[in-house]
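Written out below as structure tokens is the structure these notes cover.
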Protein chains: 2
Amino acid sequence: MPTPTSLPLAAVRFTGGLLAERIERIGTVTLQRQWEALNDRIPGAPPSHAVRNLRIAAGDETGAFAGLCFQDSDMAKWLEAACYRLTLTSDAKLSAAVDELVDLYERAQAPDGYLHTYHQLQPDIPRWSNLRDMHELYCAGHFIEAAVAHHGATGSPRLLAVATKLTALLARTFGHGQDQIRGYPGHPELELALVRLAHATGDGSALELAHYFVSERGASPAYFTAEASARQEKTPPIYVHGDDLAYWQAHAPVVEHTEPRGHAVRAMYLYAAMADLTRDRGDKALGETCRRLWDDMVARHLYIIGGIGSDGPGGEKFSAPFDLPDDRSYAETCAAIGLVFWARRMLDLELDARYTEVMERALYNNVLAGLSRDGCHYFYVNPLAVTPPETHRRYDCRMVKTQRVPWFGCACCPPNVARLLSSLGQYAVSRTAEGLALHLFADMTIREDAWHVRVTTDYPWTSRVVITVEAAPAETVELAVRASGPVPGAQWALNGAPLTATAEHGYLRLRRRWEEGDTLMADLPLPVQRVRAHPGLTAAAGRIALQRGPLVYAVEEADHGAQLGTLGVRRDAPLEVSFDGDLWDGVMVITGEAQREIAPAGLYDDASPVRQATPLRAIPYAWWGHRGEGEMRIWIRDYET
Amino acid sequence: MPTPTSLPLAAVRFTGGLLAERIERIGTVTLQRQWEALNDRIPGAPPSHAVRNLRIAAGDETGAFAGLCFQDSDMAKWLEAACYRLTLTSDAKLSAAVDELVDLYERAQAPDGYLHTYHQLQPDIPRWSNLRDMHELYCAGHFIEAAVAHHGATGSPRLLAVATKLTALLARTFGHGQDQIRGYPGHPELELALVRLAHATGDGSALELAHYFVSERGASPAYFTAEASARQEKTPPIYVHGDDLAYWQAHAPVVEHTEPRGHAVRAMYLYAAMADLTRDRGDKALGETCRRLWDDMVARHLYIIGGIGSDGPGGEKFSAPFDLPDDRSYAETCAAIGLVFWARRMLDLELDARYTEVMERALYNNVLAGLSRDGCHYFYVNPLAVTPPETHRRYDCRMVKTQRVPWFGCACCPPNVARLLSSLGQYAVSRTAEGLALHLFADMTIREDAWHVRVTTDYPWTSRVVITVEAAPAETVELAVRASGPVPGAQWALNGAPLTATAEHGYLRLRRRWEEGDTLMADLPLPVQRVRAHPGLTAAAGRIALQRGPLVYAVEEADHGAQLGTLGVRRDAPLEVSFDGDLWDGVMVITGEAQREIAPAGLYDDASPVRQATPLRAIPYAWWGHRGEGEMRIWIRDYET
């Protein structure tokens, strides 16, 4: 197995600033609340049933299965997140909950290795009979990731043994052999999990099983079509509208795919696994496919908040190119998380800051917006504009909530946010063939092998980044540093002397024999940007989005009143940033003079529009919706005069 | 019964110009094609089954019912339209088809007067068991209107006798009596039909039955709720999303309604009947309700094309105030027709050009757009913007077609367009207590009683209107004339001398002893207008719609290429009108210099947008979609500089 590119989780600790605060909140509040939710102990929230299902499967309780067919995965993702937390911090209560789950899993697993409470508690539903919809393999993947995380946190082999036994069953069951099922997961996830398992155990057969699933996907004859016929499905599910097999990215072998299609989370997990396989098996065609899909996504399918996906009737999927509306955006929190997963793996294929820019954009906007400041409430769908009376009336916006909620009937997003943020160190830094690469600017310490690096910064609030090499390998090695924030032009100095090195694909590749105390410093440009969209993105025509560093900004009714549709700024209006300590723990707000149109007498009028000045206060998008229900908008009017 | 305010249809003949051409096309091509469609004889079009169902009910054929539960109504509306045509022009083939239907209806009607092939051919479905959904009363209404039109065209009592017998059954069945059903139609239509029947027969009991249906609607306990419980309906139909009983305007007694709600066509037919009852029964509370609903519709719920209604999942209904999007507008052709019906009746309540302006707007844009130039193809949904690849992918736009079609599975719109245009004379002119009122400017002759008026104009193409009184009652009578087009300021002259009379609510009320040869003349202002929308209408923020007279203009891909989202005009760019003889039979186009944004390198960019000049050619919206599939847009960018 190739060397993992991620550092051990304990090697990277966030020590201050925005990301550290979020991670600490997850570890001290969110994980605990999620455990309560999984145990159906949050009054008023939809019950999860997940832990109860597992207890029943383990024989500790009697009862019927409850919840959705993928309910197990919420629990596995929580377990994964909790293990990440425990890797970094002791927590007796959290450990006890983890131990409880480990014990339950061991006893719930069927003798042949099968593990999926939906089927185990409902034996009249045959296993593997509906790979397209029943999420057995999806749940297996999340469980395997949890097992890998558990081993990483505790060194215990227990959960890894359960995962290995499950994987052996999968390897016997699926493949090209005569008695094997030539299918693949309806919802990709298992593929990337098997790659992680292979890295954790050193067993390359898990990697080959992942390769089987990815390369079999979309083969002719179409497995899902035959499977649907066998159960006499007359019409495809309504959410497939217009996509057919592409909904599951199964319309053709993946190497023939030209644009991101179908359910967004499925796509992201699949593409992440494809990047993994490119890296670990040297698969060139797969690598070209990854790049082609990435480029098309960035060119025609990405919301400014680093999100993806629109709705159909429950579609949660990619729409037509440039169909990136404000109000009926889907931009599922899980999809943005998946995008971070994929971006991170693309960085393994090539160290290019175009991947980092998107990863950072998704993280600081779409992902952070999915979790409330208090760590206990979530968004599933992330709109770019809401108009509460209208948003609630429109059927095409029925999945849009205007306030975060404590849990969901389909609760994939909360534990996903928890596990990403709890393992963020593995996204901030990676190993390259030549040394280390630093992707995210955050106050952190990196201690791995001979490396000891300290990053001091208050980014994205302020510009200054200081990277101090406390120790390094005693040879010429490379420290690759992202050369700037989203705005290029940072001037770096090494030990006070300006660096003349030019960036290669947005990274400074600094090869040297590092000395203790070597200090890199830069002020990353953080101007207030007026961002515009490609003319094909009709929803943003005549509009701008305010951005500063990685943070996209939004305006809210709490500051500007209702009818934000014609709130805008003039091209020549100066915009300032300032720290506003009255809002939450304090955020950098963008202020200046805005304009809003005064309503004419009627609905239609041919008089010239009249505008009046009004103070602007834009807040970071991820902070929206914390001051009660009201309108919100990212894309504001770009007034020429 | 009060004197009808509409003139006999034969009294008004359109003699030239745009509307006359459309009406003639209906009479010589459209009606004939629709007859073929109703007889399932158009290859490739969805079969209607309507005539066949009637033949089976009459005993001339055997077979099963086919089509939707309101299939009868398409045939009744066609019959109504055909009778209007025959009122004005002899046509042997059309007469033969009409006679065929009359004979079938006489023999299809059940002995007790019942008439609804859906139920008659499926006796296991009990009559009156689902008033909410089964459209029996809706179909009864359309049949009654057809019978009234037949009598008006032929003087024959035959179909009127069938209608009278049906109405007697309804009067026995519905009401407050102990053995009566205290219900009302799920889809209003019967109410306004009964008013017409009362006027045609002089029998006031039909008027009282209409009054019963309107006043019972929305009473507590809710009839539709009880009816749904009785059939154990667990969840309401999905298209009700967010509206509940308001979908059928049955959430409260109508006099308590404050804003237009629910299915748009239902609402229009109901409000039209309410205006009828206000006029004929002097019902003040109902009249105030009509005005309140009208004002709210115009202030917050009306598309610039004179359309109403958005979609939900099959909702075809009013949305939240100001939710008037371009691309997922519904603006059903039938709903705009219903709006014309309602506007006409509001003019009976008060002679106020604010009703005329909306009636004209709906007629010249949303209604005319619903019928192709060749008279054989239709739009059901009328979008204000289409982007064909995207429009076809989006589930919320699934009802939007980008090209007109020969017929529909639900074919309410085609015969509706036919009957409105075939009876347009009754919308152009009306009787008032004081004389005549002229609402629409079109080349026509009016001959009724002692009146003989000739209107000569090429409006809306050119400004000049000449009204010549060839004869008039030999006393002081009033000729009320709409004072201007949508843009005020027409200067009228009578026999060459400027008129000093000021308009009252947009009408010149000209009381005099008219002399043969009296000639009124004006040049109606027809500037090119840049119309803007209220700031609450977010889809139109930063945009203008071009309008000239009653015609709203659109831009198409055929003239400007794709990606019309950033096509716009500068504030100071001159716009001209000219006659373009190359397009169809020739239309007035708006030309000038437009601007379009050049696409930047990526999807998001902070550079100032770059625009390039491009020639503008805007065509009347009703003419869109005749040059193959492509983008179309009404609201174009309003560039300040």
Closest-packed option against chain B by number of heavy-atom pairs under 4.5 Å, given [options]:
options                                : value
A:Gln563, A:Glu597, A:His241, A:Arg532 : A:Arg532
A:Ala599, A:Ala545, A:Ala539           : A:Ala599
A:Thr391, A:Thr538, A:Asp605, A:Asp326 : A:Asp605

Where A:Arg393 and B:Pro321 come nearest, the two heavy atoms and their spacing:
NH1-CD, 4.4 Å
Heavy-atom pair with the smallest gap, counting every atom of A:Thr566 and B:Ala541
CG2-CB, 4.1 Å
Heavy-atom cut-off 4.5 Å, strictly under: side chain, backbone, both or neither for [X] against chain A?
X        : result
B:Ala607 : backbone
B:Arg637 : side chain
B:Arg611 : side chain

Top contributor to chain A contacts, counting heavy-atom pairs under 4.5 Å, from [options]:
options                                : result
B:Arg300, B:Glu390, B:Gln529           : B:Glu390
B:Leu567, B:Thr641, B:Asp323, B:Val531 : B:Asp323
B:Pro535, B:Gly565, B:Gly242, B:Ser319 : B:Pro535
B:Pro609, B:Ala299, B:Gly536           : B:Pro609
B:His301, B:Gln547, B:Arg571           : B:Arg571

Contacting region of [X] [heavy-atom separation from chain B under 4.5 Å]:
X        : value
A:Val298 : backbone
A:Ala562 : neither
A:Arg394 : both
A:Leu537 : side chain
A:Asp243 : side chain
A:Arg361 : neither
A:Arg596 : neither
A:Glu640 : both
A:Tyr239 : neither
A:Ala533 : both

Basic-acidic side-chain contact under 4.0 Å: A:Asp396, B:Arg328
yes
May I ask you to decide if B:Leu302's main-chain N or O and A:Tyr604's side chain share a donor-acceptor pair within less than 3.5 Å?
yes
First locate atom CG of B:Leu324, then atom CG of A:Leu603, and finally report the distance between them rounded to the nearest 0.5 Å.
6.5 Å
